[in-house]
Structures are given as C-alpha cells and as structure tokens.
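Since the structure comes first, as structure tokens, the remarks are kept for the end.
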Amino acid sequence: MKLPNVFRSRFVDYATRRNKSTKLNAITNYLVEKSKLYIVWLQELKISIKLYQKLQNICIAVLSTGPVPEHVSFIMDGNRRYAKKSGLVVKKGHEAGGLTLLSLCYACKKIGVSCVSAYAFSIENFNRSPQEVDILMTLFGSKLDEFAKRAVNFQDPLYGSRLRIVGDISLVSKDLKTKIENAEEVTKDGKDFTLYICFPYTSRNDIFHAMCDLIAKCQNQTLESKNLTIPLLTEDMYLDNFSNKCDLLIRTSGHMRLSDYMLWQVHENADIVFTSTLWPDFDFTKLYVMILKWSFFTTLQRYSERGVTLKDRILFNTPFINRSRPIGPSSVYDSLPKPPIAMSITGETDS
Ligand SMILES: CC(C)=CCC/C(C)=C/CC/C(C)=C/COP(=O)(O)OP(=O)(O)O
C-alpha cells in the first residue's frame, strides 16, 4: 500500500519506534493517537461551553431581578460589510446574520422577553441586484422552515415559540407565500415567545395599509368614521396589538437612522440604541449589556413614577420593581380625569 508523502515519514517513524512490521499497524496507531487528541480537545471544548452556559445563566438570573423589555426589535444591518471584512461572499454574510438572529432569539426567550421583531427585508431592498434579492428570499425560506421545526421540537431551546411574518406579503413569490403560511400555521400555538420577521416591510407602508383598511371599512359601513380611533388604527397594522409598542430598538453597524422602521411603535418610552458592531458580530454579551442598561434606567423611572426614593427602598424595603409594564395609572397625569374632547389633541373619545 502506497502512502501519501506527507504521512509516509510519520508512519515509518511509528512503525520503527514501536517495532511494528506492517504499515497497516502504523496507520492504525497513528489514527488512534490522533483521535485521542481530538477527544481531549472536544472534552475541553465541552467544558468551556458548559462554563459559558453557566455564566450566561448567572447573568440572566441577575437580570430577572428587575424589569425586562417585553418587545425588543433589531435593525439587522452590516451583513455585507461583515462578509467583505471576513473575505466571504455576500451570501455568507447574510447567512451569518440569520444565525445571529436565531441565537439572539434564544437568548431573549431565556431572558423573558415576550417578543422580538427583526427588519429582515425592506420594500426598498427590492432595488438590490436580482441575485442578492434571490439569495435573501432563499435564505428567508430556509430560515422559516428551520424556525418552524425548532419551535415544535420540545428538545430545542426555541420550543414553544411562535412565528409571525409582518409586511406586504403580496410582493413575494407564491412558493415563499406557501412557506410563510405553513410556518405560521405550525407555530401558531407557541405561547412562550413570538418572533416577528418584517419582510418585505416599511413602517409607512404598514401605516398606509392600516389606513386603507379602515377607509374600506367606513365605505362598506362596517365602521362609522366618527368611531375611528388611534387604537383601532394600531390594531389594523401588520405589527398588531401585541407588538405595537417597542421597548428597545437596536440598530447595528453604525448608521444612526430608523430607515422607515418602527416609526409608529417607538412613540412611547422606547429606548433606541445604535451600535457600530456589524450585525453578524452582535452577540449575547452585547445584547445583555443593552438590556441591563434598559432594566436599570426603567427601574429608576418606575421608582420616580411611584414616588419611591432609593432611601425608602433600602431602609423600608418598599417594593417598587414591577417586571412587566405598569398596569393602571403609571403617572400622576394618568390618574387625572380625561380631558373634554374639545381639548384632546387627537380628538379621541373614551370608547
Ligand atoms: C431569519 C432571517 C429572516 C434571516 C435573514 C437574514 C438576514 C439577517 C437578513 C437581513 C438582510 C439585510 C438587508 C441586512 C442589512 O445588511 P446589509 O446587507 O445592508 O449590509 P451592509 O449594511 O453592510 O450593506
């Protein structure tokens, strides 16, 4: 048997050193030694993964003592720059971005965030090259399937999650539409966590479509125009009632703009954070620090809203932390009677 040059000297060495006569024995010994090395390496890797998971659990336990955002949203920017920086093709950059999203969904679910939304494809992105649009559509289809499978597999960390696609679905192919319907149907009973993928989406398109819907309802007389309210418009949006208020919006890759995303949903107390990290590089630690900051400042805000001072809290153990959004009057203004309609800026009624 002829061995490749690179191995020959080592096998001969093994054979002579261990006094084995055949090359076959030398090969076997070599492979055994090598696999022993790999096993040790794998064991070490497993230990460090376990350590990392333990550390992650401790960090999450610290967070669980305070409020956590209910809705975290991502503008996933920087996939192509990541690919360029790493010497990869654009497709790999987007794939890496897809992986980041799913791993952060898992982290958010563990932290206790109820829903995550992600800007996966803006309507403007149809202006990119046909090849790139094709890559993104294919990737999107495969990620939908993957998420749906994982959400119903009880051994998977994403088990119990629900998937919702928000955006103008009429703009995607028939095949993809079927995949979307299928993924939404398979995951519809997920109660623990919801992932909203905005695809193809823009905020103005969302607001416009909701307005058109309400106008149509008025025209076919299922709704009277005098009953139009802001909550009704909100309910009609792709990002429905459950996701209509965003608590923490994160944009990666250094651009400091909203790019027609979440315009309606960040109106109330949303923290908007811009980071220069490219999306595929955005990991648990970076997300954790942002949520920790959110939690800290939200706690302080809730302190002051309830008139509880730090001294009260420390000396008299007055409870002030409410993990979820405050129910009922959260400020002195909310406890006042509603202004007469003539004085209301929006003209809303109480109905
Ligand atoms: C699960 C799922 C739906 C995954 C989809 C994958 C994914 C992360 C898509 C985002 C696509 C996108 C337009 C990113 C923006 O970066 P860019 O391409 O504009 O990068 P650049 O700012 O460096 O040019």
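For clarity, every value in this text was computed on a predicted model and none was experimentally measured. Nothing fancy with the numbering, it's 1 onward along the sequence. Order of listing sets the numbers, starting from 1, for every ligand and every atom in it.
- Counting heavy atoms under 4.0 Å from ligand 1, residue R128 touches it through the side chain alone.
- The protein non-hydrogen atom at the shortest distance from atom 4 (C) of ligand 1 is G98 CA, 3.9 Å.
- Shown are L171, D206, D260; of these, the side chain to side chain contact (heavy atoms under 4.5 Å, CB included) with Y201 is made only by D206.
- Inclusion of D77 in the set of residues having an N or O under 3.5 Å from an N or O of ligand 1 is warranted.
- Of the candidates L101, N79, I75, the one placing a heavy atom closest to atom 8 (C) of ligand 1 is N79.
- Between G78 and ligand 1, an N or O atom pair is found at a separation short of 3.5 Å.
- For the residue pair T222/N220, the side-chain donor-acceptor check at 3.5 Å is satisfied.
- Listed by atom number, the atoms of ligand 1 under 4.0 Å from R81 heavy atoms are 21 (P), 22 (O), 23 (O).
- The minimum heavy-atom distance between A151 and T187, with the atom names listed, is CB-CG2, 3.8 Å.
- Counting protein heavy atoms only, atom 15 (C) of ligand 1 is closest to M76 O, 3.1 Å.
- Residue-to-ligand polar distances keep S253 apart from ligand 1: every N/O pair is separated by 3.5 Å or more.
- Considering S259, C105, A120 only, the shortest heavy-atom separation from atom 10 (C) of ligand 1 involves A120.
- Under a 4.0 Å N-O distance rule, the pair K293/D271 does not qualify as a salt bridge.
- Between the side chain of T275 and the backbone N or O of T277 there is at least one donor-acceptor pair closer than 3.5 Å.
- Under 3.5 Å, the side chains of T100 and W279 contain no donor-acceptor pair of N or O atoms.
- Near G97, with a cut-off below 4.0 Å to any heavy atom, the atoms of ligand 1 are 8 (C).
- Proximity of N125 to ligand 1, defined as any heavy-atom pair under 4.0 Å, is confined to the side chain (atoms from C-beta onward).
- A perpendicular orientation is assigned to the rings of F121 and F126, their planes being inclined by more than 60° (bins at 30° and 60°).
- Under 4.0 Å from ligand 1, the heavy atoms of K143 that appear belong solely to its side chain.
- Under 4.0 Å is where a charged nitrogen must lie from a carboxylate oxygen, and between E146 and K149 no such pair does.
- Contact annotation for L136 and ligand 1: only side-chain heavy atoms (C-beta onward) come within less than 4.0 Å of the ligand.
- With no hydrogens or angles considered, no side-chain donor-acceptor pair links Y119 and S259 at under 3.5 Å.
- No donor-acceptor distance shorter than 3.5 angstrom exists from the side chain of K91 to the backbone of L139, with no hydrogens or angles considered.
- Within ligand 1, the atoms closer than 4.0 Å to a non-hydrogen atom of F140 are 3 (C), numbered from 1 in the order shown.
- Among all non-hydrogen protein atoms, the one lying nearest atom 24 (O) of ligand 1 is R80 NE, 2.9 Å.
- Considering backbone and side-chain N/O of H255, none are found under 3.5 Å from N/O of ligand 1.
- Side chain of D247 to backbone of H71: a donor-acceptor contact under 3.5 angstrom is found.
- Of all atoms in ligand 1, listed by their number and element, those nearer than 4.0 Å to a heavy atom of L139 are 6 (C).
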